[in-house]
Amino acid sequence: MDPQPVDVVVIGAGQAGLSAAHHLQRRGFLPISRAVGGDRSFVVLDANSAPGGAWQHRWESLRMATVNGIHELPGFPVPPADPAAASRDILPRYFAEYEERFALDVKRPVVVRSVRREDDDLAGRLLVETDRGAWAARYVVNATGTWTRPFWPHYPGQERFRGRQLHVADYVSADDFAGRRVVIVGAGVSALQLLDEISHVADTFWVTRREPQWIEDDFDIPARVAAIAGVEARVREGLPPGSVISVTGMHWTPWARAAQSRGVLVRHPMFSTIEEDGVRMPDGTFEPADVILWATGFRAAIDHLAPLRLRTRQGGIRVADGRALDEPRLFLIGYGPSQSTVGANRAGREAVRAIVADLADPSEAAA
Ligand SMILES: Cc1cc2nc3c(=O)[nH]c(=O)nc-3n(C[C@H](O)[C@H](O)[C@H](O)COP(=O)(O)OP(=O)(O)OC[C@H]3O[C@@H](n4cnc5c(N)ncnc54)[C@H](O)[C@@H]3O)c2cc1C
C-alpha cells in the first residue's frame with residue numbers, strides 16, 4: 001500500500017506529543033481523519049494501547065504528591081486529585097479526557113519502526129513506516145520519550161548473579177523486597193526515592209559511580225534554568241542529552257532528606273564486579289545481595305530515526321530549539337532540555353510555530 005500523505009506526523013502521545021497535537025490544531029491543522037481537500041493535516045501515532053504516555057507504566061508509589069511537579073497539558077487543567085492517588089491512575093485518565101476533549105484522534109497501538117527520507121530531495125517527504133502502514137510526511141515531530149529505553153550499564157559477572165536484577169522501569173513495590181538485601185545503583189531522583197521507600201522493609205546498600213555533589217539549596221527555579229541551559233548546550237553540539245543530575249549535581253529532595261534522617265542515606269562507591277550472591281567492592285570486600293536495582297536512568301527512544309543517519313560521533317543528534325540541525329523536517333521534543341512536563345509543553349508549541357513559519361514562507365517549506 002502507498003504511504004498516506006499527511007503534513008505532520010507526531011510520533012508519541014505523551015505530554016510532548018499531545019502538546020504538539022494541540023498546537024497543530026490551534027494553528028488550523030486537522031487530524032487526518034477529518035481533513036479534506038486543501039486542509040492542513042496531522043496524525044498522532046502512539047505505540048501504547050491506551051492514553052497516558054509513560055505515566056501509565058510508572059510504579060504505584062509515585063503518588064500525585066511525590067512526583068516532581070506536573071505541568072498540565074496546554075489548555076486544560078489537571079482535575080483536582082487526591083495527593084495520595086497514584087500518578088499512574090490519575091494522569092492517564094487526564095490524558096484520555098484531553099484527547100477526547102480536543103478530538104485529537106490518536107492512532108494506537110501503532111509502533112513506528114523507521115523514519116527515512118523518501119528520496120534525495122531535501123524538500124521532499126519523510127517516510128514514516130509503522131506496523132500498520134506508512135505515512136509520507138512533510139514534517140515529523142518525534143515525541144517518543146525515554147521510558148522504553150531503560151539504561152542498564154554492564155558490569156562484569158552480571159549474568160552470574162543468582163538473585164534478582166531489575167531496572168526502575170520494572171519496579172512495582174517495595175513489598176517485593178521485604179527482608180531482603182537490596183543493592184541500589186544510581187544517583188538520580190528515582191534512586192533516592194526508591195532507596196527511601198525500600199529501606200523501610202529491606203536492608204539497603206546504595207552505590208554510585210561518583211561521590212554525589214550535594215547542593216544545599218532546593219532545586220529552585222534558577223537551578224532548573226541552569227540545568228536546562230546545560231543540557232541545551234550539549235544537544236546543540238550533538239552530545240547525548242545526559243541526565244539533569246550530570247549537569248547540576250544532587251539537590252535535596254524530600255526522599256533524600258527522609259532517608260538521611262533515618263540514617264539510610266549512606267553512599268558507597270560503585271562495585272567492581274558482580275558475583276553469584278553479591279557484589280565485590282573496589283577494596284576487595286564482598287557485599288551480599290539478593291537484589292540489584294538499577295536506577296541508572298533512561299536513554300532517548302530514537303532507534304527508529306536511525307535511517308536518517310543523524311547520529312554524531314559522540315552519539316547524539318544535533319538539535320537546537322527542538323529542531324534537528326541536520327534534518328530540518330524533523331523535530332525532537334521531550335528530548336534533552338525539554339525532558340520535563342513543562343519543557344515538553346513548550347517544545348510542542350515551538351515546533352508547531354516553526355512548522356507554521358516554514359509553510360508561510362514557501363522558500364523554506366517542504367514540497
Ligand atoms: C520515573 C520518572 C518520573 C518522572 N517524573 C516527572 C515529574 O514529576 N515531572 C516532570 O515534569 N517530569 C517527570 N519525568 C520526566 C517525564 O518523562 C516527562 O516529564 C514526561 O512525562 C515525558 O513526556 P514525553 O511525552 O516526552 O514522553 P512519554 O510520556 O514517555 O511518551 C512517549 C510516547 O511515545 C510512544 N512511543 C515511543 N516509541 C514509539 C514508537 N517507536 N512508535 C510510536 N510511539 C512510540 C510511547 O508509547 C509513549 O506513549 C519523569 C520521568 C521518569 C522516568
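In each ligand, atom 1 is the first atom listed, and ligand 1 is the first ligand listed.
Of the heavy atoms in A16, both backbone and side-chain atoms come closer than 4.0 Å to ligand 1. Only backbone heavy atoms of A143 (N, CA, C or O) come within less than 4.0 Å of ligand 1; its side chain stays farther off. If you look at A344 next to ligand 1, there are no close heavy atoms at all, none under 4.0 Å. Residue-level proximity to ligand 1 for I11 is carried by the side chain, the only part with a heavy atom below 4.0 angstrom. Heavy atoms of Y335 found under 4.0 angstrom from ligand 1: none, in either backbone or side chain.
Those atoms of ligand 1 with a heavy atom of W59 less than 4.0 angstrom away are 1 (C). Heavy-atom contacts of V110 reach the following atoms of ligand 1: 42 (N), 43 (C) (cutoff under 4.0 Å). For ligand 1, the atoms closer than 4.0 angstrom to any heavy atom of V111 are 42 (N). Of all atoms in ligand 1, numbered sequentially from 1 with element shown, those under 4.0 Å from a heavy atom of T144 are 32 (C), 34 (O), 36 (N), 37 (C), 38 (N), 39 (C), 45 (C). Set against the non-hydrogen atoms of F298, the atoms of ligand 1 under 4.0 Å away are 53 (C). Proximity to G12 (heavy-atom distance under 4.0 Å) selects the following atoms of ligand 1: 33 (C), 34 (O), 35 (C).
Ring geometry, W294 versus W152: the interplanar angle falls from 30° to 60°, so the pair is classed tilted.
When the heavy-atom distances from atom 33 (C) of ligand 1 to D46, D303, T341 are ranked, the shortest goes to D46. In this comparison of R113, Q15, R58, the heavy atom closest to atom 16 (C) of ligand 1 sits on R58. Distances from atom 42 (N) of ligand 1 to the heavy atoms of V112, V342, T146 put V112 nearest. The closest heavy-atom contact to atom 44 (N) of ligand 1, among the options S19, A54, A47, comes from A47. Distances from atom 47 (O) of ligand 1 to the heavy atoms of T130, N48, V106 put N48 nearest.
Counted by atom type alone, H22 and N345 present zero donor-acceptor pairs between their side chains at under 3.5 Å. If you check the side chains of S87 and R58, you find no donor sitting under 3.5 Å from an acceptor. Between the side chains of D39 and S41, no donor N or O sits under 3.5 Å from an acceptor N or O. A donor-acceptor contact under 3.5 angstrom links the side chains of Y171 and E197, judged on distance only.
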task = Determine, step by step, whether R267 and T208 satisfy the side-chain hydrogen bond (donor to acceptor under 3.5 Å, both in side chains) criterion, reporting the C-alpha distance in whole Å, the side-chain angles of both residues, the deciding distance to 0.1 Å, and the verdict.
result = CA-CA 7 Å; R267 181 264 173 185; T208 69; 2.7 Å; yes
Verdict with reasoning, Y94 to F76, per ring-ring contact (aromatic ring centres under 6.0 Å, His included) | CA-CA 9 Å; Y94 165 62; F76 184 38; 5.8 Å; yes
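Distance check: I302 CD1 to T146 OG1 gives 11.0 Å after rounding to the nearest 0.5 Å.
Between V140 and the choices L308, V8, L127, V115, the side chain to side chain contact (heavy atoms under 4.5 Å, CB included) rule is met once, by V115.
Of the possible polar contacts, none joining the Y98 side chain to the V78 backbone as a donor-acceptor pair under 3.5 Å is found.
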